[in-house]
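Following: one structure in structure tokens, then a few remarks.
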There are 2 protein chains.
Amino acid sequence: MDMPMNAERKSRNADAGESSAIDLTSRARIRNAGLHQFATTGFAGTPLRAIASEAGVAIGLISHHFGSKDGLRAAVESWIVDQFAAAITEADAAAPDSVADTAGRDAAVAQMLKANPLIVGYLRRELLEGSAGRTLIARLARLSLQSVDSMRSGGVASTDRSRVDQVVTVMIRQLGKLFLQPLVDQVVDSFSADERPAAKPELTITVRTPQN
Amino acid sequence: MDMPMNAERKSRNADAGESSAIDLTSRARIRNAGLHQFATTGFAGTPLRAIASEAGVAIGLISHHFGSKDGLRAAVESWIVDQFAAAITEADAAAPDSVADTAGRDAAVAQMLKANPLIVGYLRRELLEGSAGRTLIARLARLSLQSVDSMRSGGVASTDRSRVDQVVTVMIRQLGKLFLQPLVDQVVDSFSADERPAAKPELTITVRTPQN
DNA sequence: TAGGATATTGAAAGAACGTTCAATACTATG
DNA sequence: CATAGTATTGAACGTTCTTTCAATATCCTA
């Protein structure tokens with residue numbers, strides 16, 4: 001049972017990640033393809049065969065590396081959490097007192113999300129589909145809470161508001177606009193080209209907590 | 001091949017619609033169940049058998065009435081568009097000059113959405129999943145454009161802004177808060193009960209169009 | 001009441017899905 | 001070089017999905 005050598009296997013896959021994807025491990029390529037597919041067509045809507053195809057691997061390799069489809073999702077979500085944590089860590093490293101303030105961390109996270117639009121797409125879906133028992137949003141909220149606490153300790157965040165308030169404010173500010181922008185885009189794009197405004201309308205989202 | 005009479009078949013289904021669901025036609029019960037399932041578990045995530053079970057019918061009846069799963073989805077979306085149109089029509093009927101103003105129509109739509117939370121859930125998903133070729137958001141935008149135009153003709157809407165601007169503003173105002181509230185809820189709920197604020201934080205969303 | 005049209009059922013077909021697994025290729029360590 | 005461990009493949013399996021369809025029930029009209 002002869003089988004052809006697959007020499008250029010890694011070269012025929014879409015660029016799903018940020019690296020050049022040519023010298024990524026099969027495991028990383030599968031994870032990237034999973035992020036791309038889940039963010040684009042949803043978890044239930046993507047067959048494992050589509051992920052294997054995009055990653056340029058055989059379907060069996062997914063189970064070998066991640067155990068199951070759910071295992072792959074867990075790996076994708078852990079990778080997302082890592083990206084958030086890394087963005088905050090970088091912002092801190094660049095700050096004078098090794099603790100960045102709100103603006104610095106917001107900027108770092110915004111930059112990371114801009115570089116990884118698939119993360120935004122994935123989170124948008126997760127927000128809807130993961131209502132029961134799933135935990136990605138909760139994990140990010142916990143991460144945000146640690147960030148808020150460390151900023152409080154560093155004296156760069158006010159302490160006269162509740163911690164919950166601050167976490168909600170931070171997360172909404174970071175994600176809300178990104179979540180809602182597709183609605184604006186789809187509405188604008190539903191008009192004929194000559195009627196569309198030159199610049200897309202921009203959203204402003206604020207959070208107001210009632211007297212506590 | 002005797003088969004038992006299913007006398008009380010219609011009584012064992014969840015209340016997905018607004019009517020008492022006891023004297024709805026099979027077609028309507030299937031449509032309601034489809035809306036419920038699609039909004040809750042997503043289009044790809046819901047088997048037709050789940051819809052048939054919730055509606056209390058055999059699986060074959062779905063194909064008979066709607067042709068296919070996609071046909072059912074089309075029917076659900078047309079029904080949603082009808083609800084929006086009906087809300088606007090009612091607001092107009094109650095207005096003095098038979099053309100309600102912005103506030104009146106906003107209130108009518110908000111009331112309709114509050115009475116049909118499944119529509120909100122469905123739209124939230126549609127906004128993400130229907131990026132390619134699908135048209136529900138576009139249809140609602142067109143409906144909103146007709147509304148804006150009629151208000152302009154009736155002299156109850158300003159004409160110094162572009163029509164696109166007005167449509168975007170209306171739709172974001174109607175839907176944006178509803179879309180983003182789950183994020184606030186999940187973040188707040190990720191905290192322990194004793195740390196949660198008494199009242200949920202409230203969102204304010206504004207649209208600003210750059211100089212045109 | 002007779003008969004055609006429509007509604008409804010549930011089994012069957014055919015495709016697609018996730019998972020498993022034996023076989024093969026690769027890599028590193030002795 | 002040998003050999004153990006890991007990576008990788010793709011076919012096979014059992015399940016589940018959508019669609020089809022013949023059979024039966026119900027409704028409507030003449």
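Below, chains carry the letters A, B, ... as their sequence lines are ordered, and counting in each starts from 1. Just so we're clear, the structure is a prediction, and the values are computed from it rather than from any experiment.
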With a 3.5 Å cut-off and heavy atoms only, can you find an N or O donor on one side and an acceptor on the other between the side chain of B:R49 and the base of D:dT18?
yes
Atom-pair distance ([atom1] on [X]; [atom2] on [N]), nearest Å:
{"X": "A:L24", "N": "D:dA7", "atom1": "CG", "atom2": "C1'", "result": "16 Å"}
{"X": "A:K69", "N": "C:dT20", "atom1": "NZ", "atom2": "P", "result": "15 Å"}
{"X": "B:L61", "N": "C:dA11", "atom1": "CG", "atom2": "P", "result": "16 Å"}
{"X": "B:F43", "N": "D:dT18", "atom1": "CZ", "atom2": "P", "result": "8 Å"}
{"X": "B:I62", "N": "D:dC17", "atom1": "CD1", "atom2": "P", "result": "12 Å"}
{"X": "B:D70", "N": "D:dC17", "atom1": "CG", "atom2": "C1'", "result": "14 Å"}
{"X": "B:F66", "N": "C:dA7", "atom1": "CZ", "atom2": "P", "result": "11 Å"}
{"X": "A:L48", "N": "D:dT15", "atom1": "CG", "atom2": "P", "result": "18 Å"}

Looking only at side-chain N and O atoms, does A:R105 offer a donor or acceptor that is under 3.5 Å from a partner on A:S150?
yes
Flag for B:D70-B:S68: side-chain donor and acceptor within less than 3.5 Å:
no
For a quick check of understanding: with a heavy-atom distance under 4.0 Å over all strands, which category does A:I59 fall into, base, sugar-phosphate or nothing?
base
With heavy atoms under 4.0 Å as the rule, sort A:H64 into base, sugar-phosphate or nothing.
base
Where each residue is assigned the nucleotide of DNA chain C containing its nearest heavy atom, which of A:G60 and A:P47 is assigned the position nearer the 5′ end?
A:P47
Spacing of A:L113 atom CG and A:L175 atom CG [to the nearest 0.5 Å]
6.5 Å
Drop me the distance from A:N116's CG to A:Y122's OH, to the nearest 0.5 angstrom.
14.5 Å
Can you identify which nucleotide, out of D:dT9, C:dT9, C:dA7, has its nearest atom closest to the B:H65 side chain?
C:dA7
Report yes or no: is the cationic atom of B:R73 (NZ for Lys, CZ for Arg) under 6.0 Å from the centre of the six-membered ring of B:F43, at an angle within 45° of the ring normal?
yes
Residue-phosphate contact under 4.0 Å: A:S63 side-chain N/O, C:dG18 OP1/OP2:
no
